[in-house]
Colleague: 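One structure, pasted below without further comment.
The chains referred to below are lettered A, B, ... by the order of the sequence lines, with proteins before strands, and numbering in each begins at 1.
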Number of protein chains: 2
Amino acid sequence: MRLLVARCEIAYHGRATTSLALGDRVILFKDDGSLCVHADRGYKPLNYMPGPTSVSEDGDVIRVYRAASDETLVIVVHEVLTDERRELVDEAVLEHDGAERQWHLLLERAPEAIEVGLVVLERERFTDTGPIDLFCRDADGRTVVVEVKRTRAVAAHVEQLSRYCERVDRDPAHKPCRGILVAPEIAPQARVMCEARGFGFVELDFGVLKGEVAPELTLFE
Amino acid sequence: MRLLVARCEIAYHGRATTSLALGDRVILFKDDGSLCVHADRGYKPLNYMPGPTSVSEDGDVIRVYRAASDETLVIVVHEVLTDERRELVDEAVLEHDGAERQWHLLLERAPEAIEVGLVVLERERFTDTGPIDLFCRDADGRTVVVEVKRTRAVAAHVEQLSRYCERVDRDPAHKPCRGILVAPEIAPQARVMCEARGFGFVELDFGVLKGEVAPELTLFE
DNA sequence: ATATACATGTCGAGG
DNA sequence: CCTCGACGTGTATAT
């Protein structure tokens, strides 16, 4: 990686157009051709470019071009504060936990967290309107479609659940199915929509669920 | 800004949970409390934290806590390759030429690019279902709702246009309004939806439009 | 390739 | 606050 700290101006042209007046920034040129420009504020880069790119340098002008998307970044360097190259060895991949997929796995092990008597028939059941998170049957033998959200549920998610239920209802064997939205929180409007459409909402916290269902999986204390 | 290059392990716990095994990374600790962790590939950080945070250091363990969202990042430093502090002065703000906004402005100047005889009555007309990009009247005096997309139009965009048209149709003075989707490209399914709902689709390339309508605005070349 | 949904999405505008 | 839509969204996955 090339680590350039410099007082510079930057212009980007591609999907949008940006320009950045003179200032001090840290610029990371990575070995895969990607780069990002950071000032001393905010965690997001001021400018960036995914790899692969071609980087050319002409005096104090660095031009980065990404042919795949016809994007150009031009850096005009006014003063170099640091310019060093470092070999960074990193074979690790980021292990991720708490993604929606994991909710599905946990809920499959503990469907009673959603409702007593619920049985998960299928997880990630694919339909032509999209994948149904949990395809279930309730204590009364009725088909239940469960849509899981790891963040606050909003109107669009209720729409999503509606589509799935409508799709399932096209099969007389399942009609009329029930819909349940599972999330740690729900927006007021989404709650109203749920009630209007007869859907259930179950408030579930991932940390709590994991602790109850699979305490052996709990890392970080 | 503190610029730490180190061989380290990292754990994050907050909205999700991640862990990252030993590897060499560049870590930027910014003065506003935000930080980001970069390996030598990809333009996105492996981990990050928005400011403000409190950073505490205990031996080779750096703990970053963000109270606002109860998120924690723990860095276990195994080997320090570089650890320096730099004063970076940057008063500049990123000038951003929002693409969609430009489309609206250009189309307001040249509605005939969409349809002969079209007149733009209002741009960004706010309704309780969201903002209508271009609220227009056609050559026959009918109300027209135009939804502009700067990328390929997909099904969700047709849904969006539907909602706006339904909203406009609630007013007898405008009913029945027409809907037109404007984009550089449209997905096959979205095209079918447009036809099924009687919406028009106009294929427009921004570069071409800009060249025709406002060549004086063309920068970079 | 096309379509869909997830993301530690983030960000900003309007009500 | 809440809601919604844009983003230089990016990314993964299934058809």
Colleague: Would one find a side-chain N or O of B:R15 under 4.0 angstrom from OP1 or OP2 of C:dT10?
Modeller: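 For C:dT10, OP1/OP2 do have a side-chain N/O of B:R15 under 4.0 Å.
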
Colleague: Starting at atom CD of B:E124, determine the distance to atom P of C:dG15, rounded to an integer number of angstrom.
Modeller: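 So the two atoms are 12 Å apart, to the nearest Å.
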
Colleague: Using the C1' atoms only, state how far D:dA6 lies from C:dA7, rounded to an integer number of Å.
Modeller: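 So the two C1' atoms sit 16 Å from each other.
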
Colleague: Which is more 5' along DNA chain D, the nucleotide nearest A:R101 or the one nearest A:R66? Just name the residue.
Modeller: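 Result of the comparison: A:R66.
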
Colleague: Could you give the CH2-to-P distance, from A:W103 to C:dT8, as a whole number of Å?
Modeller: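 Going from CH2 in A:W103 over to P in C:dT8 covers 14 Å.
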
Colleague: What nucleotide, of D:dT3, D:dG8, C:dT4, holds the atom closest to the side chain of A:A187?
Modeller: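 Closest nucleotide among those given: D:dT3.
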
Colleague: Closest nucleotide of DNA chain D for A:A190 versus for B:Y43: which of these residues is on the 5' side?
Modeller: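 Looking at DNA chain D, the more 5' nearest nucleotide goes with A:A190.
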
Colleague: Select base, sugar-phosphate, or nothing to describe what B:P50 touches, counting heavy atoms under 4.0 Å on all strands.
Modeller: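 The answer is nothing, as B:P50 stays clear of every strand by at least 4.0 Å.
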
Colleague: Using OP1 and OP2 only, check whether a side-chain N or O of B:R163 sits under 4.0 Å from D:dT3.
Modeller: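 No.
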
Colleague: Please confirm whether the backbone N or O of A:M1 pairs with a side-chain atom of B:D40, one donor and one acceptor, at under 3.5 Å?
Modeller: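 Checked: pair present.
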
Colleague: With sequence neighbours excluded, tell me which residues meet side chain to side chain donor-acceptor pair (under 3.5 Å) with B:E122.
Modeller: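 With neighbours one apart ignored, the set is B:R125.
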
Colleague: Measure CE/B:M193 against P/C:dT2 and give the value in whole Å, please.
Modeller: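 About 18 Å, once rounded to whole Å.
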
Colleague: Base, sugar-phosphate or nothing for A:A99? Non-hydrogen atoms, less than 4.0 Å.
Modeller: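 Sugar-phosphate only.
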
Colleague: Using the ring centroid of each side chain, check whether B:H96 and A:Y12 are separated by less than 6.0 Å.
Modeller: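 Ring-ring flag for B:H96/A:Y12: false, centres at least 6.0 Å apart.
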
Colleague: Taking the same atom, P, in C:dA5 and in D:dG5, what whole-Å distance lies between them?
Modeller: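 Their P atoms lie roughly 16 Å apart.
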
Colleague: Whole angstrom is fine here: how far is it from CD1 in A:I132 over to P in C:dT4?
Modeller: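 My rounded result for the distance is 15 Å.
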
Colleague: Base, sugar-phosphate alone, or nothing: which one does B:E185 contact when heavy atoms must sit under 4.0 Å apart?
Modeller: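 Since no nucleic acid heavy atom lies under 4.0 Å of B:E185, the category is nothing.
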
Colleague: Using modelled atom types and a 3.5 Å cut-off, is there a donor and acceptor pairing between side-chain atoms of A:K30 and backbone atoms of B:G42?
Modeller: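 Such a contact is found between A:K30 side chain and B:G42 backbone.
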
Colleague: Mind calculating the distance between CG (B:L134) and C1' (D:dG5) to the nearest angstrom?
Modeller: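 The distance from CG of B:L134 to C1' of D:dG5 comes to 16 Å, rounded to the nearest Å.
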
Colleague: Between B:D90 and A:R25, does any NZ, NE, NH1 or NH2 come within less than 4.0 Å of an OD or OE carboxylate oxygen?
Modeller: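 Result for this pair is yes, salt bridge flagged.
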
Colleague: Ring centres within less than 5.5 Å and planes less than 30° apart: is that true of A:Y48 and D:dG8 in this structure?
Modeller: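 The base of D:dG8 is stacked with A:Y48 (centres under 5.5 Å, planes under 30°).
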
Colleague: Would you check if A:V202 and A:L181 make a side-chain contact, meaning some heavy-atom pair closer than 4.5 Å?
Modeller: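 Side chain of A:V202 against side chain of A:L181, heavy atoms only: no contact under 4.5 Å found.
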
Colleague: Grab the NE2-C1' distance between B:H104 and D:dG5 for me, whole Å please.
Modeller: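 Computing the B:H104:NE2 to D:dG5:C1' distance gives 11 Å.
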
Colleague: Assign A:F206 to base, sugar-phosphate, or nothing according to its heavy-atom contacts below 4.0 angstrom with the strands shown.
Modeller: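 It contacts nothing in the nucleic acid.
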
Colleague: Contact class for A:T151 vs. all strands (heavy atom < 4.0 Å): base, sugar-phosphate, or nothing?
Modeller: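 Sugar-phosphate only.
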
Colleague: For B:Y164 and D:dG5, is the shortest distance between a side-chain N/O and OP1 or OP2 below 4.0 Å?
Modeller: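 Yes, because at least one side-chain N or O of B:Y164 sits under 4.0 Å from OP1 or OP2 of D:dG5.
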
Colleague: What does B:M49 touch in the nucleic acid at a heavy-atom separation under 4.0 angstrom: a base, only the sugar-phosphate, or nothing?
Modeller: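 Here B:M49 touches no strand at all.
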
Colleague: Centroid distance below 5.5 Å plus an interplanar angle below 30 degrees: do A:Y12 and D:dG8 meet both conditions?
Modeller: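 Base of D:dG8: stacked against A:Y12.
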
Colleague: Whether B:R167 and B:D128 form a salt bridge (side-chain N of Lys/Arg under 4.0 Å from carboxylate O of Asp/Glu) is what I want to check.
Modeller: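 Salt bridge flag = yes for B:R167 with B:D128.
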
Colleague: Name the residue closer to the 5' end of DNA chain C, choosing between A:G98 and B:P188 according to the nucleotide with the nearest heavy atom.
Modeller: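 With A:G98 and B:P188 compared, the 5'-side residue is B:P188.
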
Colleague: Check the distance between C:dC11's P and A:K44's NZ and give it to me in whole angstrom.
Modeller: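 Going from NZ in A:K44 over to P in C:dC11 covers 4 Å.
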
Colleague: Contact class for A:D128 (heavy atom, under 4.0 Å): base, sugar-phosphate, or nothing?
Modeller: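 Nothing, no nucleic acid heavy atom in range.
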
Colleague: Quick one: on DNA chain C, does B:I186 or A:H157 contact a more 5' nucleotide (nearest heavy atom)?
Modeller: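 In this pair, the answer is B:I186.
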
Colleague: Is the phosphate of C:dT4, meaning OP1 or OP2, less than 4.0 Å from a side-chain N or O of A:Q160?
Modeller: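 No, outside the criterion.
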
Colleague: Look at all strands and tell whether A:E147 reaches a base, only sugar-phosphate, or nothing, counting heavy atoms closer than 4.0 Å.
Modeller: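 If one applies the 4.0 Å heavy-atom cut-off, A:E147 turns out to touch the sugar-phosphate alone, with no base involved.
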
Colleague: Which nucleotide in the set C:dT10, C:dT8, C:dT4 lies at the smallest distance from any side-chain heavy atom of A:H96?
Modeller: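 So the side chain of A:H96 is nearest to C:dT8.
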
Colleague: Output yes when at least one side-chain N/O atom of A:R152 is less than 4.0 Å from OP1 or OP2 of D:dC2, else no.
Modeller: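 So the side-chain polar atoms of A:R152 do come within 4.0 Å of the phosphate oxygens OP1 or OP2 of D:dC2, strictly under.
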
Colleague: Looking at A:K149, I'd like to know whether one of its side-chain N or O atoms comes within less than 4.0 Å of OP1 or OP2 on C:dA5.
Modeller: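 Checking C:dA5 against A:K149, no side-chain N or O comes under 4.0 Å of OP1 or OP2.
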
Colleague: Select base, sugar-phosphate, or nothing to describe what A:S69 touches, counting heavy atoms under 4.0 Å on all strands.
Modeller: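 No contact at all - A:S69 keeps every heavy atom at 4.0 Å or more from the nucleic acid.
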
Colleague: Name the nucleic acid region contacted by A:A155, choosing base, sugar-phosphate or nothing; use a 4.0 angstrom heavy-atom cut-off, strictly under.
Modeller: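 Sugar-phosphate, no base atom in range.
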
Colleague: Expressed in angstrom and rounded to an integer, what is the separation of A:E159 atom CD from C:dA5 atom C1'?
Modeller: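 In whole Å, C:dA5 C1' lies 15 Å from A:E159 CD.
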
Colleague: Between A:T18 and B:D97, does a side chain to side chain contact (heavy atoms under 4.5 Å, CB included) hold up when you go through it step by step?
Modeller: CA-CA 6 Å; A:T18 70; B:D97 202 342; over 6 Å; no

